[in-house]
Amino acid sequence: MAKVLARLLALVHRDTDLDETEAAPDATVAETFPEDRILESAPAAEPSTGTRTAYARLDAPDRVAPGGVFELDVGLAESPGRGVTSPQPLSVPDTEFTLTVTVSADGFEVLGGASLVRTIAVNPDDPYPYDVIRLRAIDDVALTPARSILAVYAIEGRTIGIATRSVVVGDGAVPAEPERAGVDWVLPTDPDTRPDLELVVTPGNDVGGQRLFWYFRSPHPTVGDGSFVAADLPVTVATTVRQLLNGVEDRTTLDDLPYYLRGVGRRIADAIPDPVWQALKATADAVEGPPSVLLASADPYIPWELARIPWCHDDPPLLGAQTVIGRWPYLANGRSPAPAPRLELDSMAVVFGEYSGGENLEEAAREAAHLRAHYAAQPVDARMRDILRCLDGTPRADALHLAVHGNFDPTGMRDGIYLVDGNYLSPVSVEGVESSPIRLAFLNACQLAQGREVFGIYAGMAFALLNIGAEAVVAPLWKVNDTAARELAAAFYPALFTDVRSPAEFLRESRCLSVETNPAATSLAYIYFGHPLLRVKWIP
């Protein structure tokens with residue numbers, strides 16, 4: 001705005017100083033040259049179709065008093081702003097366009113009934129415009145002093161980037177200047193591989209960490225992009241989810257299990273805001289067949305895939321059975337890049353072993369033998385050293401299958417892959433691998449899809465593998481039937497390696513199996529982390 005004002009002042013100054021003798025030559029030139037000569041010597045410029053670099057503007061004071069009012073400037077900037085974290089510079093057209101900025105400002109009140117979704121006109125004469133939002137810092141001890149403000153930048157429904165900054169309310173420490181990350185956001189940028197609906201679940205600024213904000217966007221005009229919608233979870237969310245999943249494991253008779261699963265689905269559905277359900281309904285109406293959904297969630301606890309769809313009459317009416325859904329971790333700090341839509345794999349390793357004390361998995365041994373015979377999978381003993389060496393690249397493999405025991409322990413004491421010597425390979429040890437060649441992992445071991453928070457961030461075995469380089473991970477939430485797990489794994493790879501179906505599509509079809517023909521609701525247990533439209537090319 002200051003630059004625009006400076007240009008206007010310069011024009012006023014120039015016009016004021018221009019006297020009649022200076023204006024006359026311009027008139028003479030216009031009379032001397034015919035109109036066609038003027039057009040010929042100064043042809044109209046071709047419209048530009050290039051791009052330029054801009055930065056996300058998210059300017060605000062570092063600190064405000066409780067109840068204090070301040071201005072938040074949102075828009076574009078010529079250079080990186082102090083205190084603003086943005087994964088990368090924004091690539092914008094060098095012509096006229098309309099920028100949409102959607103802001104999440106939990107812990108702040110918007111003054112004057114203004115909207116947190118701002119539409120800003122950008123043109124070559126004003127290449128770095130911005131809008132002003134007046135906010136008041138809410139004085140509430142239930143809110144953290146350091147509060148994050150997030151902004152999503154989009155052009156014509158296409159997200160081009162995000163930015164975050166922190167404003168401290170009160171006397172808390174001001175966060176250090178953020179590092180400039182060099183990765184994309186969690187949402188895909190390629191229009192050819194965009195899912196039908198993308199959902200982002202971000203954390204709020206409450207002390208208890210129970211508030212989530214949902215954001216959606218879709219390439220379908222009837223759905224479009226949403227704003228941030230708040231949803232509060234119960235304080236005991238981690239314990240409650242664990243109890244529900246234990247309840248699935250405890251039900252061994254068909255008299256109760258189908259009803260219990262529908263009850264679980266209703267409870268999870270209640271935690272999803274109505275605008276998100278409306279977006280899902282509009283997406284389903286806009287496509288033929290099951291819509292593809294990418295769920296980028298900061299919440300590591302809730303199996304959203306089991307949510308009961310309110311309007312659905314198909315069986316089972318669960319989100320994971322009626323949509324082609326892939327989950328991806330959303331990290332509030334240092335976000336991971338968007339999931340890959342394509343993978344080329346050429347080698348496999350399979351982890352299995354002989355357990356003592358009657359804990360052997362006979363079907364797992366058959367499972368491992370099948371993979372060795374059909375995909376030349378390299379055998380890896382279920383021992384600490386052997387698995388970590390495999391993750392490090394010996395033997396080399398870019399697909400990893402585990403046919404072992406697993407366990408989730410909220411305390412982290414007996415958590416991870418259960419080894420043949422009675423020890424556990426922890427997710428923390430897995431994250432100690434600097435960089436792994438593994439790109440696809442199928443953890444056919446009980447409970448390894450479950451997650452938790454460690455230091456306020458996503459944690460668990462599935463995330464540990466994603467954190468060291470995996471692009472796609474499949475794992476179950478609860479204890480699964482040994483035979484049903486082997487049969488599902490045997491069908492998984494032929495379906496995936498045809499380069500036609502994604503893991504998400506395969507699991508969606510598997511989840512449609514009835515509980516009566518699916519012991520321990522095994523197919524419903526599996527969660528997929530990755531791009532919902534992932535295509536895999538197997539090159540043995």
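Below, all heavy atoms of this structure are taken into account, side chains as well, without hydrogens, waters or symmetry copies. Note that the coordinates shown come from a computational prediction; the quantities given were computed from them, not determined experimentally.
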Notebook entry, point to check: Are Leu116 and Ser227 close enough that some pair of their side-chain heavy atoms sits under 4.5 Å apart?
Noted result: no
Checklist line | Qualifying salt bridge (Lys or Arg N to Asp or Glu O under 4.0 Å) pairs with a residue from residues 285-294, counting only residues at least two apart or across chains | finding: Lys281-Asp285
Item checked: Sidechain N-carboxylate O distance under 4.0 Å for Arg439, Asp398 -> no
Next item on the list: Please say which of Asn246, Leu524, Asp250 ends up in a side-chain contact (heavy atoms from CB on, under 4.5 Å) with Trp478.
Entry: Leu524
Margin query: So does Arg383 get a backbone contact from the side chain of Asp381, meaning a donor-acceptor N/O pair under 3.5 Å?
Written below: no
Notebook entry, point to check: Between the side chains of Asn467 and Glu431, does any donor sit under 3.5 Å from an acceptor?
Noted result: yes
Margin query: Is the shortest side-chain heavy-atom distance between Trp328 and Leu466 below 4.5 Å?
Written below: yes
Next item on the list: Please report the shortest heavy-atom distance between Pro203 and Ala298, naming the atom on each side.
Entry: CD-CB, 3.7 Å
Note to self: Taking Ala321's backbone N and O only, do any of them form a donor-acceptor pair with Arg508's side chain (distance below 3.5 Å, no angle check)?
What the structure shows: yes
Check: Looking only at atom types and distance, does a side-chain atom of His370 sit under 3.5 Å from a main-chain N or O of Arg366, one as donor and one as acceptor?
Finding: no
Checklist line | Donor-acceptor pair, side chain of Thr323 and main chain of Ser292, under 3.5 angstrom | finding: no
Next item on the list: Would you indicate whether the side-chain heavy atoms of Val473 and Phe442 approach each other to under 4.5 Å?
Entry: no
Margin query: Using side-chain heavy atoms (C-beta onward) and a distance below 4.5 Å, is Val264 in contact with Ile268?
Written below: yes
Next item on the list: Please determine, by modelled atom types, if Asn444 and Tyr526 share a side-chain donor-acceptor pair under 3.5 angstrom.
Entry: yes
Notebook entry, point to check: Do side-chain atoms of Tyr215 reach the backbone of Thr102 as a donor and acceptor pair under 3.5 angstrom?
Noted result: no
Next item on the list: Determine, step by step, whether Arg396 and Ser347 satisfy the side chain to side chain donor-acceptor pair (under 3.5 Å) criterion, reporting the C-alpha distance in whole Å, the side-chain angles of both residues, the deciding distance to 0.1 Å, and the verdict.
Entry: CA-CA 7 Å; Arg396 185 196 170 278; Ser347 54; 2.7 Å; yes
Next item on the list: Taking all non-hydrogen atoms of both residues into account, name the closest pair between Tyr260 and Gly247 and its distance.
Entry: OH-CA, 3.4 Å
Item checked: Plane angle bin for Phe492 and Phe506 - parallel if under 30°, tilted between 30 and 60°, otherwise perpendicular -> perpendicular
Check: What pairs with Asp106 under salt bridge (Lys or Arg N to Asp or Glu O under 4.0 Å), at least two apart in sequence or on another chain?
Finding: Arg211
Check: Heavy-atom count around Arg267 CZ within 6.0 Å, excluding the residue itself: above 12?
Finding: no
Margin query: As a quick check of understanding, evaluate side chain to side chain donor-acceptor pair (under 3.5 Å) for Arg217 and Thr159, giving each step before the final call.
Written below: CA-CA 8 Å; Arg217 71 166 192 166; Thr159 300; 2.8 Å; yes
Notebook entry, point to check: Can we call the ring centroids of Tyr493 and His401 under 6.0 Å apart?
Noted result: yes
Check: Between Pro503 and Tyr528, is any pair of side-chain heavy atoms under 4.5 Å apart?
Finding: yes
Checklist line | Qualifying residues under side-chain hydrogen bond (donor to acceptor under 3.5 Å, both in side chains), relative to Thr498, sequence neighbours excluded | finding: none
Margin query: Quick check against the 3.5 Å criterion: does Arg511 have a side-chain atom that pairs as donor or acceptor with the backbone of Gly320?
Written below: yes
Checklist line | With Arg158 via side-chain contact (heavy atoms from CB on, under 4.5 Å) - residues at least two apart | finding: Ile160
Item checked: Side-chain touch Val103/Val117, heavy atoms, less than 4.5 angstrom -> no
Check: Looking only at atom types and distance, does a side-chain atom of His220 sit under 3.5 Å from a main-chain N or O of Thr222, one as donor and one as acceptor?
Finding: no
Next item on the list: State plainly whether the residues Glu367 and Arg372 are in salt-bridge range, i.e. N to O under 4.0 Å.
Entry: no
Note to self: Applying salt bridge (Lys or Arg N to Asp or Glu O under 4.0 Å) as the test, list every pair that has at least one member in residues 301-315; sequence neighbours left out.
What the structure shows: Glu305-Arg327
Item checked: Among Val223, Val229, Val293, Asp225, the one residue meeting side-chain contact (heavy atoms from CB on, under 4.5 Å) with Phe216 -> Val223
Notebook entry, point to check: Could you go step by step and tell me if Trp214 and Trp277 meet the ring-ring contact (aromatic ring centres under 6.0 Å, His included) rule?
Noted result: CA-CA 11 Å; Trp214 291 72; Trp277 283 125; 8.6 Å; no
Note to self: Check the orientation of Phe497 and Tyr375. Use parallel for under 30°, tilted for 30 to 60°, and perpendicular for over 60°.
What the structure shows: perpendicular
Next item on the list: Would you confirm whether Ser436, through its side chain, and Ile468, through its main-chain N or O, come within 3.5 Å as a donor-acceptor pair?
Entry: no
Checklist line | Those residues that, when tested against Ser218, pass side-chain hydrogen bond (donor to acceptor under 3.5 Å, both in side chains) (two or more places apart) | finding: none
